[in-house]
Protein chains: 2
Amino acid sequence: MAKVDTSLVAHLPLFGGVKPEDLDEILREARSARYPKNSAIFEQGADAQSFFLLLHGHVRAAKTTPTGEQIVVRYVAPGETFGLAMAIGAARYPATAIAVDDSVALIWPTSAWPRLVERFPSLAANTLQTVGTRLQESHTRILEMSTQQVEQRVAHALLRLAKQSGKKLDRGIEIDFPISRQDIAQMTGTTLHTVSRILSGWEQQGLVESGRQRIILRDPHGIVVLAERSPDSGAA
Amino acid sequence: MAKVDTSLVAHLPLFGGVKPEDLDEILREARSARYPKNSAIFEQGADAQSFFLLLHGHVRAAKTTPTGEQIVVRYVAPGETFGLAMAIGAARYPATAIAVDDSVALIWPTSAWPRLVERFPSLAANTLQTVGTRLQESHTRILEMSTQQVEQRVAHALLRLAKQSGKKLDRGIEIDFPISRQDIAQMTGTTLHTVSRILSGWEQQGLVESGRQRIILRDPHGIVVLAERSPDSGAA
DNA sequence: GCTCGTTTTTGAGCTATCGCAAACACCCTG
DNA sequence: CAGGGTGTTTGCGATAGCTCAAAAACGAGC
């Protein structure tokens, strides 16, 4: 098992309040693994045997209906935890996790969680905070889906992705991992066709530059304007 | 300040793992208050000075957009906590809480939370579990909003309400607090008009019996069937 | 450099649902 | 028990976005 350098992860929210000398003890319980692009890390419904901390790459968490439709729950960026089923008392993963880029994660066995929490109560507090934040984001998403039109929702989604995983270029901000029209549709509750039409329109207006699984926001501010536009303030 | 009987709350999930003799110490930090029907318990954006445990009644948590549209985040039933902003590290309430019936709640000052958690780590673990469960429910709701039609979403919403706060009658299951078409619309991302039409239809078919802020599921199983019907398996 | 599979684009019609408007029913109050 | 306010029903037109369909663009591998 490769040794993890504590200095690389010490600053993460998960370890807030944990003394540096204790961090090593926590990390000793973890192993790390590499996931090639497009491989599954765990499947919805599978036994939640581990929980994860993403070190490199990007992971898509998606939920599937009985009838096969999918939604993207979120994209995981480096430094974030995922697969926390056990912390919330679920025996099985409620979603599927796929590496969308070559990725590396730290992996703890679910069974280690109770012991870790007992020894380092900050872990529970920190995780509570994380999960709470996600809950709020989730409510915001519900609010958007209930009250906004598709174009605005797509605008919001891209802005969020840019904030979380945007890479600054001279020409604008690029979403730093491969993402398809279909993925965006599954984040916003629409179809890939509609997303394609919207992005085509934006490209015309010089708001974005995009291609196969690639999006650059050329005019982030312009997109903010779109995102906040009231439903009827029509374009020319 | 009225003394709270520990035996009434000892079994609640929040206090799992807390020794009975300690429970009193926790309750000593709380006061209780009565909220008349339709009164606000706290407002979205206000300082999160307290967190709550509902003892009697029902509370609606709703989120408002800048432009005034609302969604219902959830209904709180007796025994559930709400207003947990502090636990997730938010200084202000992200939603408004309204008593939909005469209600009674225990109230702790936000400032007491860190001390309580330090002294009784199970509180953090239990709260994590609660928040985690809500997160999953929230994701389920997003999934439904993305993939199902309005009628199915309304069916799911009513079934959930019935499970959480249903009162068994001979004639069926009654939602045990006042709830309007508008409220249901705000839970499912539609309009009161559409909800009204749907319920009218169901009433014709004998699935429900409903009136002003009142709904009885006369044929819960029939509604389950509706809820699970695939989008196109058309009715006669 | 060509081939194959995937992703994206675009068109055209269709429909579930919205938005508006008006009438109606119910409940509480005085 | 009449009045006023809130919640509900229903009709009708408008439309955002979906569905189906097909072509085009792109990238990876041979």
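Residue numbers begin at 1 in each chain, while the letters A, B, ... track the order of the sequences.
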Can you tell me the distance, in whole Å, between the [atom1] atom of [X] and the [atom2] atom of [N]?
X	N	atom1	atom2	answer
B:Ile215	D:dG7	CD1	C1'	12 Å
B:Leu192	C:dG19	CG	P	11 Å
B:Asn38	D:dT6	CG	P	11 Å
A:Met145	D:dG17	CE	P	12 Å
A:Asp183	C:dT6	CG	P	15 Å
A:Ile179	C:dT7	CD1	P	13 Å
B:Gln148	C:dA16	CD	C1'	15 Å
B:His193	C:dA23	NE2	C1'	13 Å

Under 4.5 Å between any side-chain heavy atoms of [X] and [Y], yes or no?
X	Y	value
B:Phe52	B:Trp108	no
B:Met187	B:Leu158	no
B:Ile198	B:Val195	no
A:Thr96	A:Glu43	yes

Could you tell me whether B:Gly189 contacts a base, only the sugar-phosphate backbone, or nothing, with contacts defined as non-hydrogen atoms closer than 4.0 Å?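 Sugar-phosphate contact only - B:Gly189 comes under 4.0 Å of backbone atoms but never of a base.
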Does a side-chain N or O from [X] land closer than 4.0 Å to OP1 or OP2 of [N], or not?
X	N	value
B:Gln182	D:dG7	no
B:Ser200	D:dT10	yes
B:Thr191	C:dC18	yes
A:Ser196	C:dT7	no
A:Thr194	D:dC18	yes

Polar pair under 3.5 Å, donor/acceptor by atom type, side chain [X], base [N]:
X	N	result
B:Arg214	D:dG7	no
B:Arg197	D:dT9	no
A:Arg181	C:dT6	no

Taking only Lys NZ, Arg NE, NH1 and NH2, and the carboxylate oxygens of Asp or Glu, determine whether A:Glu144 and A:Arg160 approach each other closer than 4.0 Å.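 Looking at A:Arg160 together with A:Glu144, the answer is yes, because their closest N to O distance falls below 4.0 Å.
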Residue whose closest nucleotide on DNA chain D lies nearer the 5' end, A:Arg153 versus B:Glu203: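 Whichever sits nearer the 5' end wins; that is B:Glu203.
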